[in-house]
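Note sheet for the following structure.
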Amino acid sequence: MIIMKLSRLHHSGLLLLGLTLTFFVFSCQSEANSETQQETVAAEEQVDESLRSSVKAKHLVETADVKKMYDEGKAFKVIEISKKDAFEKGHLPGAVNFWRPDYEGEGYEYSGMRASPDEMAALLGSNGISADDYIVIYDTKGSVDAIRFLWILDMYGHEKLAVMNGGKAAWKSDGFELTTEAATVQPVLYAFNNAPDYTRMASIEDVLAAMSDTNYVLVDTREPEEYQGVPYVSKGVCYPYKKGAFTYGRIPGSVHLNWSDAVDLKGDHRFKSIRDLKYNFAKAGITPDKKIIAYCQSGVRSAHTTFVLTEILGFENVQNYDGSWIEWSHNYVNQKNVAIERDIEDAEHSKRLAELEAGLKAGGE
């Protein structure tokens with residue numbers, strides 16, 4: 001009896017020792033695996049934000065990525081957003097060409113508004129693009145028009161799409177060839193796979209509400225002259241304000257940050273580094289703790305700024321005011337239901353405009 005109990009005790013002790021050793025080894029392995037995972041994550045997080053290569057985004061691809069897709073025979077569609085003459089001088093293989101009037105909505109009292117989902121579906125389908133296609137979009141100026149087009153498609157529910165960083169300028173800078181050969185297009189029936197998500201777009205009512213809310217920052221992404229409300233000269237022509245608007249000025253309380261400060265327009269048109277982007281926005285008082293509404297003339301440049309803030313810098317509360325200054329100035333002139341700000345009054349504006357026109361005339365004589 002005693003021997004049996006001792007034997008059982010000995011067996012139980014060995015079993016307990018084995019379990020303890022197993023637990024110890026498992027714990028050590030788990031701890032080692034955890035440390036390895038933490039080291040991997042830490043290594044991934046150690047990005048040099050001073051380099052332009054630090055810029056990554058869900059809907060952004062590099063020229064090398066697109067070239068690889070061509071070389072591997074991947075199936076995808078390509079859209080160049082540009083005027084026809086720029087497209088015909090050379091474009092990416094298989095690309096189709098759209099310009100702003102092609103995706104401008106009908107039924108408005110002013111120009112520049114986005115096309116409806118049905119209008120966009122008709123445009124895409126007539127150019128051989130289906131809802132399941134992966135679309136690469138690029139343009140000729142810092143991705144500003146490509147991103148506006150992407151912003152519309154993404155909002156309406158197209159899932160697989162990206163903008164090529166730097167557009168045609170980067171493609172040429174990297175030594176990749178263009179073609180003048182026209183793409184063969186077979187029209188298809190296009191229907192968005194998802195319902196539109198309008199939460200990323202601000203209405204005029206949203207802007208009016210934001211003006212009295214200190215949690216919001218309104219960002220004017222236009223040129224300095226547009227923001228200040230002063231006449232200017234562009235390509236040898238004098239303008240009292242940008243064509244399409246109804247008057248000059250800005251939305252009251254808005255801060256200014258030119259959309260083009262985010263890209264290298266003097267070089268390959270790619271985005272600037274994460275460090276530079278963060279610095280520029282912070283300097284203008286545009287920080288992640290605020291709710292942001294961006295606007296411009298017609299929602300194009302502000303879509304670009306919206307993309308930078310949300311997809312590159314990770315801001316959570318950003319909307320693009322698609323009606324922008326065209327809608328706002330229309331309401332100011334015709335409805336009298338919104339206010340505006342200006343740096344100068346009408347008399348001074350007229351004086352400066354006359355001086356600019358006189359200068360141009362004298363220069364041409």
Side-chain angles (χ1 to χ4, degrees), residues 40-70 76 78-82 92 134-155 159-176 200 217 219 221 257-290 292 294 296 300-320:
T40 302
V41 171
E44 292 175 348
E45 291 177 348
Q46 289 177 359
V47 176
D48 187 348
E49 294 189 347
S50 68
L51 302 176
R52 288 199 296 159
S53 59
S54 64
V55 171
K56 306 292 181 184
K58 175 183 177 182
H59 293 113
L60 188 68
V61 292
E62 294 297 329
T63 56
D65 300 324
V66 179
K67 181 62 167 60
K68 184 178 180 182
M69 290 165 63
Y70 278 121
F76 65 105
V78 186
I79 299 173
E80 175 175 313
I81 309 294
S82 70
L92 268 66
Y134 181 77
I135 307 174
V136 174
I137 313 165
Y138 71 96
D139 64 23
T140 59
K141 188 177 180 180
S143 299
V144 65
D145 284 292
I147 286 176
R148 171 64 177 336
F149 197 84
L150 177 140
W151 179 79
I152 296 172
L153 288 188
D154 186 40
M155 180 170 63
E159 294 179 339
K160 297 185 290 184
L161 69 171
V163 164
M164 185 174 74
N165 191 10
K168 189 185 287 186
W171 184 263
K172 293 192 294 184
S173 176
D174 291 346
F176 301 136
R200 63 197 67 188
V217 177
V219 183
T221 67
L257 183 64
N258 198 324
W259 75 272
S260 62
D261 286 350
V263 292
D264 179 19
L265 288 183
K266 294 181 179 179
D268 61 13
H269 289 215
R270 283 185 170 95
F271 286 105
K272 294 181 179 178
S273 69
I274 293 290
R275 185 183 66 182
D276 289 344
L277 294 174
K278 286 181 176 180
Y279 175 82
N280 288 341
F281 283 105
K283 186 178 179 181
I286 304 164
T287 52
D289 60 305
K290 295 292 186 179
I292 313 297
C296 58
V300 177
R301 292 170 283 181
S302 50
H304 189 278
T305 300
T306 299
F307 180 92
V308 174
L309 288 171
T310 56
E311 294 226 7
I312 297 178
L313 297 182
F315 282 45
E316 294 183 355
N317 297 304
V318 185
Q319 293 176 302
N320 179 26

Self-check item: Spacing of I147 atom CD1 and S302 atom OG [to the nearest 0.5 Å]
Solution: 11.5 Å
Exercise. Apply side-chain contact (heavy atoms from CB on, under 4.5 Å) to the pair Y138 and V66, showing each step before the final yes or no.
Key: CA-CA 11 Å; Y138 71 96; V66 179; over 6 Å; no
Exercise. Mind running side-chain contact (heavy atoms from CB on, under 4.5 Å) on V144 and R301 for me, showing each step along the way?
Key: CA-CA 6 Å; V144 65; R301 292 170 283 181; 3.9 Å; yes
Quiz item: Taking C-beta and beyond as the side chain, do D154 and R200 meet within less than 4.5 Å on heavy atoms?
Solution: yes
Self-check item: Summary of salt bridge (Lys or Arg N to Asp or Glu O under 4.0 Å) pairs that have at least one residue in residues 139-151, sequence neighbours excluded
Solution: R100-D145, R148-D322
Quiz item: Rounded to the nearest 0.5 Å, what separation is found between the NZ atom of K272 and the CG atom of L265?
Solution: 8.0 Å
Exercise. Drop me the distance from I137's CD1 to F149's CZ, to the nearest 0.5 angstrom.
Key: 6.0 Å
Self-check item: Qualifying residue, where the test is side-chain contact (heavy atoms from CB on, under 4.5 Å) with I292 and the options are T287, V318, N320
Solution: V318
Practice problem: State which residues pass side chain to side chain donor-acceptor pair (under 3.5 Å) with T306; sequence neighbours excluded, sorted by chain then number. | Solution: none
Quiz item: Residues in side chain to side chain contact (heavy atoms under 4.5 Å, CB included) with S53, at least two apart?
Solution: L51
Quiz prompt | T305 side chain reached by F281 side chain, heavy atoms, under 4.5 Å | solution = yes
Exercise. Report yes if the side chains of I274 and V47 come closer than 4.5 Å at any heavy-atom pair, otherwise no.
Key: no
Quiz prompt | ring pair (Phe, Tyr, Trp, His ring centres under 6.0 Å) against F76, all qualifying residues, sequence neighbours excluded | solution = Y70
Quiz item: So among E62, R52, K56, which one has a side chain to side chain donor-acceptor pair (under 3.5 Å) with N165?
Solution: E62
Quiz item: To the nearest 0.5 Å, how far apart are OH in Y279 and CG in D261?
Solution: 11.5 Å
Practice problem: Using the test ring pair (Phe, Tyr, Trp, His ring centres under 6.0 Å), find all partners of W259 that sit at least two apart in sequence or belong to another chain. | Solution: H304
Practice problem: Give the minimum heavy-atom separation between G167 and S143, together with the two atoms involved. | Solution: N-OG, 4.2 Å
Quiz item: Taking C-beta and beyond as the side chain, do H59 and V163 meet within less than 4.5 Å on heavy atoms?
Solution: no
Practice problem: Given side-chain contact (heavy atoms from CB on, under 4.5 Å), test F271 with D276 step by step and report yes or no. | Solution: CA-CA 10 Å; F271 286 105; D276 289 344; over 6 Å; no
Quiz item: Does G142 offer a backbone N or O that forms a donor-acceptor pair with the side chain of H269 under 3.5 Å?
Solution: yes
Quiz item: Which pairs, with at least one residue in residues 167-176 and sequence neighbours excluded, count as a side-chain hydrogen bond (donor to acceptor under 3.5 Å, both in side chains)?
Solution: T63-D174, E80-K168, D174-R270
Practice problem: Write down the atom of A64, the atom of F176, and the distance for their closest heavy-atom approach. | Solution: N-CE1, 4.2 Å
Self-check item: Euclidean distance, I79 CD1 relative to L150 CG, rounded to 0.5 Å
Solution: 10.0 Å
Quiz item: After noting the C-alpha distance and the side-chain angles of I312 and L277, does the key distance pass the side-chain contact (heavy atoms from CB on, under 4.5 Å) rule?
Solution: CA-CA 9 Å; I312 297 178; L277 294 174; 3.9 Å; yes
Quiz prompt | CE-CG distance between M69 and D65, expressed to the nearest 0.5 angstrom | solution = 8.5 Å
